[in-house]
Amino acid sequence: MLASTVSKLPLMGSLPLPAPETAPFGKMSHIRPNILFIFADQFRADCIAALGNDRIRTPNIDRLVREGTVFSRCYTPSPVCMPARYALTSGLPPHLTGCVDNQQMTEKHGSFIEALGTLGYQTHGVGKMHFPKAHGDWGFQSRDHAEELAGESARDDYRTFLAESGFGHVRDPYGFRSEYYYIPQPSQLPDKLHSSTWVADRSIDFLRRRDARKPFFLWSSFIKPHPPFESPYPWSRLYRMHEIEGPFLPDGFAEQQNFWNKVQARYKYMDGGRSGFLDRMIIAAYYSMISHVDYQVGRILDALGPEIDNTLIVFSSDHGEMLGDYGCYGKRSMLDASAHVPLLVRLPSRFAPGKTVTCAASLLDLYPTFVEIAGGQPDSVSEGLSLQRLQHWHDESRCVFSQFSQNQLGLYMVANSEWKYIYSAADNKEWLYHGGFENINLAGVDQYEPVKKQMKGRLIERFRTNGYELPLDGDDWARFPSPELPADQDDGLLFQDPPELSRDLAELGPDYQHAGVDTSSEKHNLLQRLAKQSRIPARTATKAGSGSE
């Protein structure tokens, strides 16, 4: 099969973009469709105007809704950046890739990008990918690199661009992190230098210089609306707090939280009390970033010119953002605000315009979709289904899955078009939701016990079939000691200061001496501590005692 062959190919290094072909851009010189994959980080599925959000402005994404097919029940394979991206790129779920949290990816598998390359596609990536240095470019023949943190990538073309543009003094080009992570803030950059604009600029440049003899695959990956919540003027004033409703806080909302929601609230500086004004300001700032990304999406679509109808366009995200709903911020939750992602597909010859598909879908469906569109045969090892086929499905029983972490910290989900079942090992708790209503947990209601049993059985059987026994004890979940957050409210606060901070503070002079923050201290590495815990199997964890910190 194609994917098994691809997995044996050597890693592609970071190669220069081929010289432009003499044929003018826009001339349809091939039959197979081009592929444009537009990806926005931490983009909630309910933040598109054409899909019912009457508070937000997304005219270009709305165009994809009108002219393409909407997969309205799409879920991420993991509600956090690295596992989600690794899963969609390899076509394998987190429990098979070994990447179940935002720690280093532990294995190497083939990617759909490599597969497209073997099928004759010119492959180019722009923006955030989260691929570790050791994995090279994972099939990209050329790339414009830009990652969140300095030093995360072997090279960073965006930071180089800023330095060459006279803005090398900006240490946090995506916004201040650490204690400012969820504080709305103005961008330190003008619009023309902002990361979202740069992703569009570099994408358009590729479209103009690409080899017109070949079909192309272009992955345009925006880091926004991932926090920090900043956008350039005047986008930063597009929405104001007084126009925005507060987050969704139904009666008893804390009952819908899992252990990881509380962990995030701690290290994101959001468990010290609520402010209604700040909640609404955060939503306004988040919407501003989305509208700014939407504008850049429009620029990329326009750059396709007459090739637009010969280009498969896919818009999606790795996960959502709780945005204050249920008293939570961040991701790492199986509630829709975090795990439900947009999935819009446009290719007039293959997907009906204005159609909505309610059958459950997954980001794992993208691997077989891209390979099939390119003329290849997707490997059957993937549990994903081609969206070309899924758009005609009327089988409401199709289930998709999601996972974050494992062992005593594992969080698992199975969903179809009607039901969602969640299990949290850290809480030893189940949730069952129906029809997207997530304010009432039906897991303890007798009349829904058969549904809960059926959904739970699907999830457990899936793991057992794949030989993944870590979460299981026979036909049930393995039980673990309950973890606890540190009692000290400052224990667990995350600092992500730029590497130059200590030097820059020292240059202020001895009268302003500052010891700085020891970011290597366990006190400021709660996620790493928990990641180590998650690698302890059930039997060992039970013998260890409480498991508290």
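Taking the side chain as every heavy atom from C-beta outward, F43 and S316 never approach each other to under 4.5 Å. Contact check for E147 versus M129: side-chain heavy atoms found under the 4.5 Å cut-off. Under the 4.5 Å side-chain criterion, counting only non-hydrogen atoms from C-beta, L162 is in contact with L193. By the 4.5 Å heavy-atom criterion applied to side chains, Q264 and C328 are not counted as neighbours. Using a 4.5 Å heavy-atom threshold, the side chains of L189 and P173 count as touching. Between L501 and R171 the shortest side-chain heavy-atom distance does not fall below 4.5 Å. The side-chain heavy atoms of Y329 and E321, taken from C-beta on, include a pair separated by under 4.5 Å. For the pair Q296 and T197, the minimum side-chain heavy-atom distance is below 4.5 Å.
Not one N or O on the side chain of T89 forms a donor-acceptor pair closer than 3.5 Å with the backbone of S111. In this structure, T123 contributes its side chain and Q141 its backbone to a donor-acceptor pair below 3.5 Å. Formation of a donor-acceptor pair under 3.5 Å by the W431 side chain with backbone atoms of E255 is found in this model. A donor-acceptor pair is defined here as one N or O able to donate and one able to accept, closer than 3.5 Å; such a pair exists between the side chain of S78 and the backbone of Q403. Under a 3.5 Å cut-off, the side chain of T97 and the backbone N or O of P94 do form a donor-acceptor pair. Of the possible polar contacts, none joining the H145 side chain to the D157 backbone as a donor-acceptor pair under 3.5 Å is found. Checked by atom type and distance alone, the side chain of T58 never pairs as donor or acceptor with a backbone atom of I61 at under 3.5 Å. Of the possible polar contacts, one joining the K224 side chain to the Y174 backbone as a donor-acceptor pair under 3.5 Å is found.
Contact record, W138 with S90: CZ2-CB, 4.3 Å, taken as the closest heavy-atom pair. Counting all heavy atoms, side chain and backbone alike, P83 lies closest to N102 at CD-OD1, 3.5 Å. Among all heavy-atom pairs drawn from R332 and N261, the shortest one is O-ND2, 4.2 Å. The two residues L88 and L363 come nearest to each other via the heavy atoms CB-O, 3.8 Å. For the residue pair V199 and S221, the shortest heavy atom distance occurs at CG2-O, 3.7 Å. When all heavy atoms of A40 and P225 are compared, the closest pair comes out as CB-CD, 4.2 Å.
By the 30° and 60° cut-offs, the orientation of the rings of W219 relative to F37 is tilted. Ring-plane geometry between Y180 and F176 is classed as tilted, the angle between the planes lying from 30 to 60 degrees on a 0 to 90 degree scale. Using cut-offs of 30° and 60° for the angle between ring planes, the F463 and W477 rings count as perpendicular. Using cut-offs of 30° and 60° on the angle between ring planes, the pair Y181 and H226 is perpendicular. Below 30°, between 30° and 60°, or above 60°: for Y75 and H340 the angle between ring planes is between 30° and 60°, a tilted geometry.
With hydrogens and angles left out, the side-chain atoms of S333 and S338 include no donor and acceptor closer than 3.5 Å. Side-chain atoms of D427 and S424 include a donor-acceptor pair closer than 3.5 Å. Remark: the N53 side chain and the Y287 side chain contain an N/O donor-acceptor pair separated by less than 3.5 Å.
Here E148 pairs with K128 in a salt bridge; the nearest charged N to carboxylate O distance falls below 4.0 Å. With respect to the salt-bridge test (charged N to carboxylate O, under 4.0 angstrom), the residues K331 and D318 do not qualify. Salt bridge K523/D488: present, at least one basic N to carboxylate O contact under 4.0 Å. Salt-bridge formation is not detected for the pair R57/D294: no Lys NZ or Arg NE/NH1/NH2 atom is positioned less than 4.0 Å from an Asp or Glu carboxylate oxygen.
Each of Y295, W235, Y233 was checked for a side-chain hydrogen bond (donor to acceptor under 3.5 Å, both in side chains) with D191, and the lone residue meeting it is W235. Shown are I300, D201, L218; of these, the side chain to side chain contact (heavy atoms under 4.5 Å, CB included) with F206 is made only by L218.
Distance check, rounded to the nearest 0.5 Å: OH of Y182 to CZ of R177 gives 10.5 Å. Interatomic distance, NE2 of H319 versus CZ of R44, reported as 13.0 Å (0.5 Å rounding). Taking CD of E500 as the start and CD of E507 as the end, the distance is 10.5 Å to the nearest 0.5 Å. D325 CG to Q257 CD: the interatomic distance, rounded to the nearest 0.5 Å, is 11.5 Å. The CE atom of M322 lies 12.0 Å from the NZ atom of K268; values are rounded to the nearest 0.5 Å. Within the model, atoms CG of L116 and CD1 of I35 stand 5.0 Å from one another, a figure rounded to the nearest 0.5 Å.
Taking R266 as the reference, D271 meet the side-chain hydrogen bond (donor to acceptor under 3.5 Å, both in side chains) condition, with sequence neighbours excluded. With sequence neighbours left out, S187 forms a side-chain hydrogen bond (donor to acceptor under 3.5 Å, both in side chains) with E230.
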Item to check | side-chain contact (heavy atoms from CB on, under 4.5 Å) evaluation trace for F112 with F217 | outcome: CA-CA 10 Å; F112 71 77; F217 169 76; 3.4 Å; yes

Next on the checklist: One pair to check against side-chain contact (heavy atoms from CB on, under 4.5 Å): M82 and V80. What are the steps and the verdict?
Outcome noted: CA-CA 6 Å; M82 290 180 70; V80 74; over 6 Å; no

Next on the checklist: Before you tell me yes or no, could you show the steps for L323 and F229 under side-chain contact (heavy atoms from CB on, under 4.5 Å), namely the whole-Å CA-CA distance, both residues' side-chain angles and the distance that decides it to 0.1 Å?
Outcome noted: CA-CA 11 Å; L323 212 61; F229 291 163; 4.2 Å; yes

Next on the checklist: With side-chain contact (heavy atoms from CB on, under 4.5 Å) as the criterion, how do F404 and D101 come out once you've worked through the C-alpha distance, each side chain's angles and the decisive distance to 0.1 Å?
Outcome noted: CA-CA 6 Å; F404 176 69; D101 56 28; 3.7 Å; yes

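Counting heavy atoms of neighbouring residues, nucleotides and ligands inside a 6.0 Å radius, atom CE of M281 does not exceed 12 of them.
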